[in-house]
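See structure below.
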Amino acid sequence: NTKTLLFIICLVILILGISGVHAQSNDTGDNVKLQSKNNTQLSGLSLKAAKDTSFKGLQNDINKSSKKLNLNSNYQKVESDSPHGIIINKSNILIDGCGHTVDAKASSRIFDIYGRNVTITNMILANADSGSGSAIYVNPKASVKTINVTFRGCQNKNSGTVYVEYANYTSINDKFLDCRSQENGI
């Protein structure tokens, strides 16, 4: 009887201990977060860091990439991001949005491009707002091609959603939806 009683007590303690911890996963199943009811730290766990989906995060992804970058999430500008947007100094790079959106939240330009042979494809550039080239500014001597890019809700004061300054720009199968300029361009 003592052994049975001891077994039942251990079983109850085990069940109460397990019920004090729960697991939560995101929709991709990549990350699992464990936490106890009293929020004590659980030791021995290795958790994957959340992806930085700010403009700074996209800037870092571009800087780390070699010739091709496939976006695997949406990105949006946050208050701590640069007001000048994401700077692309690299040449010979393809950025494939894979249908994702880069949203400036009506507070900055999206891309400020200095590189040559930069191709941006299959993405939505949304809510850019800047003095010139709200979504994309193509700087002197740069060359940029956009393919299947949707520009949505981009506004600026001077010169269009895409501003090209003594540079080369090609637009293939792009869409400009609800984009406005106070003076020149769309």
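We're numbering straight along the sequence, starting at 1. Model, not experiment: these values are computed from the prediction.
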Between atom [atom1] of [X] and atom [atom2] of [Y], what is the distance when rounded to the nearest 0.5 Å?
X: Asn168; Y: Lys141; atom1: CG; atom2: NZ; answer: 12.5 Å
X: Ile86; Y: Asn60; atom1: CD1; atom2: CG; answer: 10.5 Å
X: Arg180; Y: Cys154; atom1: CZ; atom2: SG; answer: 11.0 Å
X: Lys105; Y: Lys77; atom1: NZ; atom2: NZ; answer: 11.5 Å
X: Cys98; Y: Asn74; atom1: SG; atom2: CG; answer: 11.5 Å
X: Arg152; Y: Asp178; atom1: CZ; atom2: CG; answer: 9.5 Å

Minimum-distance pair of heavy atoms, taken over all atoms of [X] and [Y]:
X: Gly160; Y: Ser181; result: N-OG, 3.5 Å
X: Lys90; Y: Lys64; result: NZ-C, 4.2 Å
X: Gly115; Y: Ala142; result: O-CB, 3.2 Å
X: Ser54; Y: Asp52; result: OG-OD1, 2.7 Å

Hydrophobic cluster membership, [X] vs [Y], 4.5 Å side-chain cutoff:
X: Tyr75; Y: Leu69; value: yes
X: Ile87; Y: Tyr169; value: no
X: Phe55; Y: Tyr114; value: no

When you measure from the side chain of [X] to the backbone N and O of [Y], does any donor-acceptor pair fall under 3.5 Å?
X: Thr101; Y: Asp103; value: no
X: Ser143; Y: Asn117; value: yes
X: Ser65; Y: Lys68; value: no
X: Asp174; Y: Asn148; value: yes

Inset, instruction - Can you label the angle between the Tyr137 ring and the Tyr163 ring as parallel, tilted or perpendicular, going by 30° and 60°? - result: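 Tilted, since the angle between the ring planes falls between 30° and 60°.
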Which donor-acceptor pairs under 3.5 Å do side chains of residues 118-126 form with protein atoms, sequence neighbours excluded?
unit_1	atom_1	unit_2	atom_2	d
Thr121	OG1	Ile147	O	3.0
Asn122	ND2	Asp96	OD1	3.3

Inset, instruction - Quick one: do Ile88 and Val144 satisfy side chain to side chain contact (heavy atoms under 4.5 Å, CB included)? Show the steps, please. - result: CA-CA 11 Å; Ile88 301 176; Val144 177; over 6 Å; no
Heavy atoms, side chains only, cut-off 4.5 Å: are [X] and [Y] in contact?
X: Ile110; Y: Phe151; result: no
X: Asn139; Y: Asp112; result: yes
X: Ile95; Y: Ile62; result: yes
X: Ser134; Y: Asp129; result: no

Inset, instruction - In sequence, state the C-alpha distance, the side-chain angles, and the governing distance for Asp81 and Ser108, and then conclude on side chain to side chain contact (heavy atoms under 4.5 Å, CB included). - result: CA-CA 9 Å; Asp81 287 328; Ser108 78; over 6 Å; no
Legend entry - For Asn63, side-chain hydrogen bond (donor to acceptor under 3.5 Å, both in side chains) partners two or more places apart: Gln59
Legend entry - Asp61 with Lys51: basic N within carboxylate O range, under 4.0 Å: yes
